[in-house]
K.L.:
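One structure is given below, represented as structure tokens, and several questions about it will come after.
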Amino acid sequence: MSIEVQHVRKIFGTHEALKDVSLRIETGELMALLGPSGSGKTTLLRIIAGLDLADSGTVHLHDEDATQSTARDRQVGFVFQHYALFRHMTVFENIAFGLRVRPKSTRPTERDIHVRVLDLLKLIQLEWLAYRYPSQLSGGQRQRVALARALAVEPKVLLLDEPFGALDAKVRRELRQWLRRLHDDLHIASVFVTHDQEEALEVADRVAILSDGNIEQVGTPDEVYRHPANAFVKEFLRDVNPRRLMAE
Amino acid sequence: MSKPHAKDPVIVRWTLTVLALAALGLFIVLPLAAVFVQAFGKGWQAYRDTILQPETVSAIELSLLALAISVPMNTLFGLAAAWAITKFQFIGKNVLTTLIDIPFGVSPVISGLVFVLVFGAQGWFGPWLTEHDLPVIFAVPGIILATTFVTFPFVARELIALMESQGTDEEEAAMVLGANSWQMFFRVTLPNIKWGLLYGVVLCTARALGEFGAVSVVSGHIRGQTNTLPLHVEILYNEYNYAGAFAVASLLSVLAVITLALKKFLEWKSSEERG
């Protein structure tokens, strides 16, 4: 399932958060939106999800115009920066939520929901935490539950806002690898936002580098690292030592 | 190492403790005890007779009626206002937030007078209401209006503070997962604020039962018709029926103590919600 954003502009008050941004992400591709804070990367992600609406421009999901449809109808998986787990629900109920709120005609039976949630718990390797509450989990565990919850509805695209931002370095590296493998198993289009150059270059298939509401360059990690399109990209990636590229 | 305050001389610690307890006893325990001593001054039988007097029973009924209408209304309004103010951006949001606080800023007597000016015989809608035989002032509707107005901010204020601290992340998550507005509200928002909501309702109830000033202005003090419990206490007291006045007052005191206990419990519960 592809994502295509065309000529998107977004203004908050007097601040122009996105200035005519266009970007295409193919099925099976893992794209990183990389940029300093305030560059518009989270705004772009929220516009793809339908959580914010663009002032002009279009959003296509799988070549269908989704510009006017709400977040509810877009069938995207979204992982929030601070996870946004439902605090009064157990891990199990958090993951089951997206299935339970479906209209009766498309809602799976209680047994199917159970099976699906247990599968996802197995996938994130947290079966034994099914009946705990979010406040009883570590940061890394919450992150994985948030991901399982997003995947439960079998989304067309997966969007992650600073997915590793709040985690310590060791957990972050483990989860990066895990996310990469998970993405390869799912065959969907995934986009994640990050301000960490190394993270973007090591995990993503392609990287879009944003600055001040513009996309400065889009390309594979190798391309943007070795052939920066302009002075900003060159400067922004100057002190980065991505292991993946070093080894080549 | 001992704690720093343990180093204070024994005499200082004892003096402070005794002073604090004496103040507490003088200003809180003594008056409360006096209410019950006076109430039962003429024995259990007299107490029972006062409470079962038709005029007292009708005051209890009217107080409960005002409560039964104003508290649910303010709960609904408070929920709606807090939901709108904390989860959405719209023009006039600050104005609405300020308006909600007006009943706290205005003296209850003034609030009562405002209703007389609007609905009274000489007021804006007075002639029309008289013509259609719909009495508001010196009648039950006025008492309900005054009670509702004075207790208006309790639920809304409590919820606005709580919901602001919780943010909108969980609502957004519910939306992306396909929940409609009702599902979002009943499955995510409401369970997250339930203890805070109950806390607001308890405060609102306590105030609605005890409201004197505004209700006094619009009531007209017609016995058996427009007397609430606090007004009834005043009437009995003015008639030198001290045992009667205190007997009715003791009912309100018991309710106050229950409210206090509930309030403590809910404060503890809603602080968990915030965390």
K.L.:
Is the CH2 atom of A:Trp128 crowded by more than 12 outside heavy atoms at less than 6.0 Å?
P.N.:
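Correct, the count exceeds 12.
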K.L.:
Look up atom CG in B:Asn180 and atom CZ in A:Arg72, then write down how far apart they are to the nearest 0.5 Å.
P.N.:
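Reported value, rounded in 0.5 Å steps: 6.0 Å.
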K.L.:
At a 4.5 Å cut-off on heavy atoms, which part of A:Val76 comes close to chain B: side chain, backbone, both, or neither?
P.N.:
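Both backbone and side chain.
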K.L.:
Within this structure, what is the CZ-CG distance for the pair A:Phe78 and B:Leu177, rounded to the nearest 0.5 Å?
P.N.:
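It is 11.5 Å, given to the nearest 0.5 Å.
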K.L.:
Please flag which part of A:Arg74 lies under 4.5 Å from any non-hydrogen atom of chain B: side chain, backbone, both or neither.
P.N.:
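It is neither, since no heavy atom gets under 4.5 Å.
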K.L.:
Does NE2 in A:His82 sit with more than 12 non-hydrogen atoms of other residues, nucleotides or ligands closer than 6.0 Å?
P.N.:
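Counting other residues, nucleotides and ligands, NE2 of A:His82 stays at 12 neighbours or fewer.
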K.L.:
Which atoms of B:Thr189 are under 4.5 Å from chain A, going by heavy atoms: the side chain, the backbone, both sets, or neither?
P.N.:
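Neither; nothing under 4.5 Å.
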K.L.:
Nearest heavy-atom pair of A:Leu51 and B:Met175: which atoms, and what distance?
P.N.:
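In this case the closest contact between A:Leu51 and B:Met175 is CD2-CE, 3.9 Å.
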K.L.:
Rounded to the nearest 0.5 Å, how far apart are CZ of A:Arg100 and CZ of B:Arg187?
P.N.:
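If we round to the nearest 0.5 Å, A:Arg100:CZ and B:Arg187:CZ are 7.5 Å apart.
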K.L.:
Would you give the length of the straight line joining atom CZ of A:Phe86 to atom CD of B:Glu171, rounded to the nearest 0.5 angstrom?
P.N.:
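Reported to 0.5 Å precision, the distance equals 8.5 Å.
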K.L.:
Above 12 or not: heavy atoms from other molecules or residues under 6.0 Å from NZ of B:Lys93?
P.N.:
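Atom NZ in B:Lys93 is crowded, with more than 12 foreign heavy atoms closer than 6.0 Å.
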K.L.:
If every non-hydrogen atom of A:Ala84 is compared with every non-hydrogen atom of B:Glu170, which pair is closest and at what distance?
P.N.:
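Heavy atoms of A:Ala84 and B:Glu170 come nearest at O-CG, 3.9 Å.
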K.L.:
So which residue, A:Leu159, A:Leu99, A:Leu85, A:Asp73, ends up with the most heavy-atom pairs under 4.5 Å with chain B?
P.N.:
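Max contact count across the listed options: A:Leu85.
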K.L.:
Taking atom CZ of A:Arg24 as the centre, report whether more than 12 heavy atoms of other residues, nucleotides or ligands fall under 6.0 Å from it.
P.N.:
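Result for CZ/A:Arg24: enclosed.
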K.L.:
Would you give the length of the straight line joining atom NE2 of A:His88 to atom CG of B:Leu190, rounded to the nearest 0.5 angstrom?
P.N.:
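CG of B:Leu190 is found 9.0 Å from NE2 of A:His88.
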